[in-house]
Asker: 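Just dropping this structure here.
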Amino acid sequence: MNPDPVVLLPPAVACALGDGLENVREALFSGRSPGMRYSDAYSPGRTLMLGHADVPLPPLDGLPLSQRSRNNALLLATFAQIEPLYRELTRNLPAHRIAVILGTSTSGMAQSEEAVLFHHQTKRLPDNFHYSQQELGSPSRMLAEHLGCTGPAYSISTACTSGAKALISGARLLRAGLADLVIAGGVDTLARFTVGGFASLEAVSDAPCLPFSANRCGINIGEAAALFLMRRQTEEDKHAVTLAGWGETSDGYHISAPDPEGVGATNAILEALTRADCSPSDIGYINLHGTATQHNDAMESRVISPLFPDCPVSSTKPMTGHTLGAAGALEAALTWLTLTDRAHRLPPHLWDGIQDPNDPPLSLVALHAHANAPIRAALSTSFAFGGSNAALVLRTS
């Protein structure tokens with residue numbers, strides 16, 4: 001049992017569903033995603049469905065050159081949604097008691113791509129480029145320095161579990177007494193590097209992705225930022241959403257393919273349930289990793305079906321794209337929205353409705369579906385290259 005509950009205050013979100021918590025909430029439950037659209041901007045010669053975060057970005061003139069990237073601009077734009085609450089909570093809090101933990105996989109890779117192309121054409125690097133723009137530590141360092149935080153500040157880059165692991169790391173810092181407030185989440189932006197990399201693995205779909213369908217043929221890549229303010233539970237937080245449990249495992253099965261039997265994924269989920277003092281029957285909704293790749297969906301259905309045979313589940317990636325380093329944090333935010341929705345709406349699973357006969361069946365959520373009663377506990381799963389597995393249990397009182 002978790003002896004020291006960690007509160008997840010209302011998150012900041014920017015993704016293909018929209019900008020801001022209420023915009024994202026209404027788009028999520030209606031199955032409408034304005035940022036999912038076709039583009040060849042990151043795959044010249046091939047048009048792909050991508051998830052765009054259509055957010056006005058702030059100027060970066062006030063930042064050091066080494067921190068000027070579109071990734072950091074999206075991070076600042078998203079943090080602005082919760083900055084008033086942050087300022088209120090930190091009014092009397094020492095700077096060294098505030099931590100910043102972020103997941104990312106691209107950081108400023110897009111700026112490096114532009115610089116390499118410029119160098120190819122001119123034989124010199126552009127004046128607005130600094131190698132450190134692409135460093136994985138850039139987002140957390142930038143935000144900490146921007147806010148004057150001097151507590152722990154670092155980035156996590158474990159591919160698609162990065163954002164979930166940032167939340168887990170934040171909870172550990174709080175429970176260990178190393179911080180009193182943590183800004184945790186993830187941010188990743190579109191880049192040719194990631195789109196081309198997944199295309200080389202034949203893992204991207206030209207059309208909208210179809211998780212768990214017999215016709216699935218790969219992912220849609222997206223971009224997003226999702227941020228939480230985390231703190232130890234107080235009396236005023238008694239009805240808030242908590243990160244009640246988490247689990248992490250590492251398979252070491254294959255560099256890019258999951259263990260087909262899902263042993264590590266199962267153990268991560270069971271560890272999260274145990275830490276949350278929950279049984280599988282306590283879980284009222286599951287946000288699946290659900291990438292729409294053959295191997296991931298097959299593994300995940302084998303794991304989820306026997307443990308949660310009647311639980312409503314969905315993959316929200318058809319509405320956001322796979323946001324890679326931000327995915328675990330983004331999907332935790334969508335799970336947070338599910339737990340706090342007064343109408344008990346459930347995120348729909350958008351697909352063609354054709355179940356893969358080779359995979360165990362799942363209770364996939366239909367469009368405009370509602371839970372029969374308030375959901376008190378929900379699970380979010382994340383699985384990554386290298387066999388990295390993470391599971392989060394969110395709960396309300």
Side-chain angles (χ1 to χ4, degrees), residues 15-17 27-33 35-36 48-51 159-161 163-164 198-199 201-224 256-260 262 265 269 285-309 311-324 326-328 330-335 338 346-369 378-385 389-392:
C15 64
L17 285 164
L28 171 68
F29 296 119
S30 69
R32 176 180 52 83
S33 186
M36 293 299 299
L48 298 172
M49 174 64 73
L50 300 174
C160 311
T161 56
F198 279 95
L201 295 173
E202 299 181 349
V204 295
S205 173
D206 295 349
C209 66
L210 299 169
F212 302 100
S213 166
N215 298 317
R216 65 186 185 269
C217 59
I219 70 176
N220 302 144
I221 295 177
E223 60 183 2
S256 61
D259 171 11
I269 292 170
Y285 166 72
I286 302 172
N287 187 292
L288 301 169
H289 190 58
T291 60
T293 57
Q294 293 292 332
H295 295 306
N296 179 87
D297 288 6
M299 178 277 290
E300 192 166 13
S301 62
R302 290 190 193 111
V303 169
I304 296 296
S305 182
L307 280 174
F308 308 94
C311 183
V313 303
S314 63
S315 169
T316 46
K317 286 183 172 65
M319 294 184 283
T320 66
H322 190 341
T323 59
L324 306 177
L330 172 60
E331 288 158 24
L334 302 184
T335 304
T338 304
L346 295 170
H349 185 85
L350 303 182
W351 66 320
D352 59 1
I354 301 175
Q355 171 74 39
D356 190 331
N358 298 311
D359 298 339
L362 299 170
S363 298
L364 297 167
V365 176
L367 186 62
H368 305 309
L379 175 72
S380 180
T381 58
S382 298
F383 309 118
F385 281 180
N389 308 299
L392 306 176

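Everything numeric here is computed off the predicted structure, so don't read it as measured data.
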Asker: Testing the basics here: between Val365 and Ala369, what is the closest heavy-atom pair and its distance to 0.1 Å?
Answerer: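 Closest heavy-atom pair between Val365 and Ala369: CG1-CB, 3.7 Å.
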Asker: Where do Cys160 and Ser382 come nearest, in terms of heavy atoms and distance?
Answerer: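 Looking at all heavy atoms of both residues, the shortest contact is O-CB, 3.8 Å.
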Asker: Output the distance between atom CG (Asn220) and atom CG (Asp206), rounded to the nearest 0.5 Å.
Answerer: 9.5 Å
Asker: Could you please spell out the steps behind the side chain to side chain contact (heavy atoms under 4.5 Å, CB included) verdict for Asn296 and Ile219?
Answerer: CA-CA 11 Å; Asn296 179 87; Ile219 70 176; over 6 Å; no
Asker: Quick one: CD1 on Ile354 to CG on Asp352, what's the gap to the nearest 0.5 Å?
Answerer: 4.0 Å
Asker: Nearest 0.5 Å, please: how far is CG in Leu17 from CZ in Arg32?
Answerer: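 Interatomic distance, Arg32 CZ to Leu17 CG, rounded to 0.5 Å: 8.5 Å.
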Asker: Whether the side chain of Asn287 engages the backbone of Ser380 through a donor-acceptor N/O pair (distance < 3.5 Å, no angle test) should be reported.
Answerer: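 No, Asn287 side chain to Ser380 backbone: no donor-acceptor pair under 3.5 Å.
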Asker: Keeping Glu300 on the side-chain end and Leu288 on the backbone end, is there a donor-acceptor pair under 3.5 Å?
Answerer: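 The answer is no, because no donor-acceptor pair under 3.5 Å joins these two groups.
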Asker: For Pro208 and Met49, which heavy atoms make the closest approach, and how far apart are they?
Answerer: CG-CE, 3.8 Å
Asker: What's the shortest heavy-atom distance between Asn389 and Ala265, and which atoms?
Answerer: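 Reported closest heavy-atom pair: ND2-N, 3.6 Å.
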Asker: Is a side-chain N or O of Asp356 found less than 3.5 angstrom from the main chain of Phe212, in a donor-acceptor match?
Answerer: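 No, because the side chain of Asp356 does not come within donor-acceptor range (under 3.5 Å) of the backbone of Phe212.
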Asker: With Phe29 as reference, evaluate Leu346, Leu334, Thr338 under the side chain to side chain contact (heavy atoms under 4.5 Å, CB included) test and give the passing residue.
Answerer: Thr338
Asker: Show the nearest heavy-atom pair for residues Leu362 and Ser301, with the distance to one decimal.
Answerer: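 For Leu362 and Ser301, the tightest heavy-atom pair comes out as CD1-CB, 4.0 Å.
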Asker: Could you label the plane-to-plane angle of the His289 and Phe383 rings as parallel, tilted or perpendicular, counting under 30° as parallel and over 60° as perpendicular?
Answerer: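 The arrangement is perpendicular - the two ring planes meet at more than 60°.
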Asker: For the backbone of Pro361 and the side chain of Ser305, can you confirm whether one donor and one acceptor N or O come within less than 3.5 Å of each other?
Answerer: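 The answer is yes, because a donor-acceptor pair under 3.5 Å joins these two groups.
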Asker: So, taking the atom named CG in Leu330 and the one named CD in Glu223, what distance separates them when rounded to the nearest 0.5 Å?
Answerer: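 Those atoms lie 11.5 Å apart.
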Asker: Looking at CG of Leu379 and OH of Tyr285, how far apart are the two atoms once the value is rounded to the nearest 0.5 Å?
Answerer: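 Reported to 0.5 Å precision, the distance equals 10.0 Å.
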Asker: Could you tell me which residues satisfy side chain to side chain contact (heavy atoms under 4.5 Å, CB included) with Pro258, sequence neighbours excluded, listed by chain and number?
Answerer: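 Partners of Pro258 under the side chain to side chain contact (heavy atoms under 4.5 Å, CB included) test: His295, Met299.
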Asker: Do the side chain of His349 and the main chain of Ser315 share a donor and acceptor less than 3.5 angstrom apart?
Answerer: yes
Asker: Tell me, please, which residues at least two apart from Phe198 pass ring-ring contact (aromatic ring centres under 6.0 Å, His included).
Answerer: Phe385
Asker: Can you tell me how far the CG atom of Leu392 sits from the OG1 atom of Thr161, to the nearest 0.5 Å?
Answerer: 10.0 Å
Asker: Please list all pairs passing the salt bridge (charged side-chain N to carboxylate O under 4.0 Å, His left out) test where one or both residues lie in residues 359-368, with sequence neighbours left out.
Answerer: Arg216-Asp359
Asker: If you look at every heavy atom in Leu350 and Pro211, which pair is closest and at what distance?
Answerer: O-CD, 4.2 Å
Asker: Evaluate Val303 against Ile269 for side chain to side chain contact (heavy atoms under 4.5 Å, CB included), listing each step before the verdict.
Answerer: CA-CA 9 Å; Val303 169; Ile269 292 170; 3.7 Å; yes
Asker: Is any side-chain heavy atom of Met36 less than 4.5 Å from a side-chain heavy atom of Pro318?
Answerer: no
Asker: Is Ser314 reaching over with its side chain to a backbone N or O of Thr316, donor-acceptor style, under 3.5 angstrom?
Answerer: no
